[in-house]
Amino acid sequence: MKKTERVNLIMRYINNRAHFTIAEIQQEFKISRATAIRDINEIQAMGFPLTSELGRGGGYFVLQNQYLPAARFTPEELKAIFISFIASKNSQLPYLHNRRSITEKLIGIASQTQQDELIELNNILLFENTNPANPNLLELDDAAPPELNQLISLAVQDKHLRVTYELNLGWPQLLDVFLLHIFNSNATWLVEVYDFDTDEFRYLPVEMLRDSAISKQEMKWTEQEILDKKRLRAREANLVVKLDNIGIQRYKRMHPPGIILSLTGMFQSSGIFNVQLDVADSESLAYYADWLLFLGKGVEYVRIPDELRVILEERLAALRFN
């Protein structure tokens, strides 16, 4: 762990305590006494409100009603944060309505020269999802499903949830689930869950969820057991695909929900993913065939169902014929 990162973690650790000792810092962060003392001295020099008391039972006391010193960013760090905002400007993100106030605060802590640079960055940088004719198209809109914010707020407290899933209007299903991931795929927010009742991993559109809440039922499996189930099923996947650099870039532009790409090779120039396909679902197989062709000529099939291979060969033959 780098020194700067460690010092920041120590500040957050002691900010939640009225009293602490050097020995506690040593044990918590697995560092020597000399390193702990140097870090505490550095934190005090930054203005953190600490008082020390010598002798048995002594240590450091955090002055009450005080806060961490104001964050200070280097010019490069400020650009990095601002660029991340630009990159996501036209994305359907949760809490998007806070964007203006956050942007104003970022610009407010910058010098006049830095402010001019940030404004110029906003003018010259365009990302894949930015509309050049109206780059601020969604800047003030909270375009994500309203259920998304609530779902995130619940998940950071407890991932064992009770959700109402309304696939068809007027036909709600009450599900007892364990939340694994929330992600955006092809402009749609999805939640990956383990369904305790069906023993299945599912991908549910967030916009079809209602009245999410922390579950009051006892979990049938622990989180580790659920993750072990997922890993076991991934190893049994019937489609395993390697991608080159072009395939990786196209994967990032579009991919089916739930597929996780593991980057490999020097400079992460290659990758691999696996998925279990239902070979009886002809519509799903056709979709995957079109998507795999979209990934480019650098696709290498480590494992592929015969049913999908036939469709791919038919697609390729039709392309050659045309």
Side-chain angles (χ1 to χ4, degrees), residues 1-89 91 93-122 125 127 149 152-159 181-182 223-224 227 263 266-268:
M1 183 187 300
K2 294 181 179 180
K3 178 184 176 182
T4 303
E5 181 183 355
R6 186 181 68 245
V7 169
N8 287 334
L9 289 174
I10 292 175
M11 279 200 293
R12 299 193 182 283
Y13 175 83
I14 65 181
N15 192 55
N16 296 322
R17 287 159 177 77
H19 173 267
F20 67 92
T21 65
I22 290 295
E24 289 172 343
I25 297 296
Q26 287 180 254
Q27 182 177 2
E28 179 70 20
F29 295 94
K30 306 296 186 294
I31 56 178
S32 68
R33 179 177 178 81
T35 299
I37 291 173
R38 281 197 300 271
D39 288 347
I40 294 300
N41 288 340
E42 182 174 331
I43 289 171
Q44 283 184 297
M46 294 168 62
F48 198 96
L50 295 178
T51 60
S52 59
E53 183 175 314
L54 301 176
R56 186 174 182 182
Y60 291 84
F61 292 86
V62 182
L63 297 181
Q64 298 300 310
N65 301 320
Q66 299 289 333
Y67 300 93
L68 286 171
R72 293 180 177 85
F73 299 105
T74 66
E76 289 73 23
E77 289 172 336
L78 199 57
K79 287 190 184 76
I81 297 172
F82 196 76
I83 288 172
S84 70
F85 269 64
I86 298 173
S88 63
K89 186 157 27 183
S91 301
L93 300 177
Y95 309 107
L96 196 59
H97 60 278
N98 295 307
R99 182 190 298 276
R100 166 167 278 184
S101 62
I102 295 173
T103 304
E104 289 175 347
K105 289 175 183 177
L106 281 175
I107 294 178
I109 64 176
S111 66
Q112 185 59 53
T113 300
Q114 289 174 327
Q115 289 183 17
D116 293 341
E117 290 178 347
L118 295 181
I119 292 171
E120 190 60 28
L121 279 176
N122 189 50
L125 280 177
F127 291 86
N149 290 4
I152 293 174
S153 298
L154 290 171
V156 296
Q157 302 174 56
D158 194 327
K159 290 184 283 189
H181 298 103
I182 302 171
E223 179 174 359
Q224 187 58 53
L227 294 177
L263 296 175
M266 187 175 294
F267 308 118
Q268 299 183 337

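Just the heavy atoms: all of them, side chains too, but no hydrogens, waters or symmetry mates, feed the values below.
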Practice task
Enter the distance from Asp39:CG to Met11:CE here, rounded to the nearest 0.5 Å.
Solution key: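 Answer rounded to 0.5 Å: 10.5 Å.
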Problem - Donor-acceptor pair, side chain of Lys159 and main chain of Val156, under 3.5 angstrom - result: no
Fill in the blank from the handout: Glu24 meets the salt bridge (charged side-chain N to carboxylate O under 4.0 Å, His left out) criterion, sequence neighbours left out, with none
Handout entry: Check: Arg6 and Leu9 side chains under 4.5 Å, non-hydrogen atoms
Key =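 Not touching, per the 4.5 Å side-chain cut-off.
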Practice task
Go through the steps to decide whether Ile40 and Phe20 satisfy the test side-chain contact (heavy atoms from CB on, under 4.5 Å), and finish with yes or no.
Solution key: CA-CA 11 Å; Ile40 294 300; Phe20 67 92; 3.7 Å; yes
Qualifying residues under side chain to side chain contact (heavy atoms under 4.5 Å, CB included), relative to [X], sequence neighbours excluded:
X: Gln112; value: Gln115, Asp116
X: Ile152; value: Pro94, Tyr95, Leu148, Ile182
X: Glu120; value: Asn123, Ile124
X: Ala36; value: Ile22, Ile25, Gln26, Ile31

Practice task
Specify whether Tyr13 and Phe29 have parallel, tilted or perpendicular ring planes, treating 30° as the upper limit for parallel and 60° as the lower limit for perpendicular.
Solution key: perpendicular
Handout entry: Atom CD of Gln27: over 12 foreign heavy atoms under 6.0 Å
Key = no
Practice task
Please report the C-alpha distance between Thr35 and Arg38 in whole Å, then the side-chain angles of each, then the deciding distance to 0.1 Å, and finally whether the side-chain contact (heavy atoms from CB on, under 4.5 Å) criterion is met.
Solution key: CA-CA 5 Å; Thr35 299; Arg38 281 197 300 271; 3.3 Å; yes
Handout entry: Arg33: side-chain hydrogen bond (donor to acceptor under 3.5 Å, both in side chains) partners, not counting sequence neighbours
Key = none
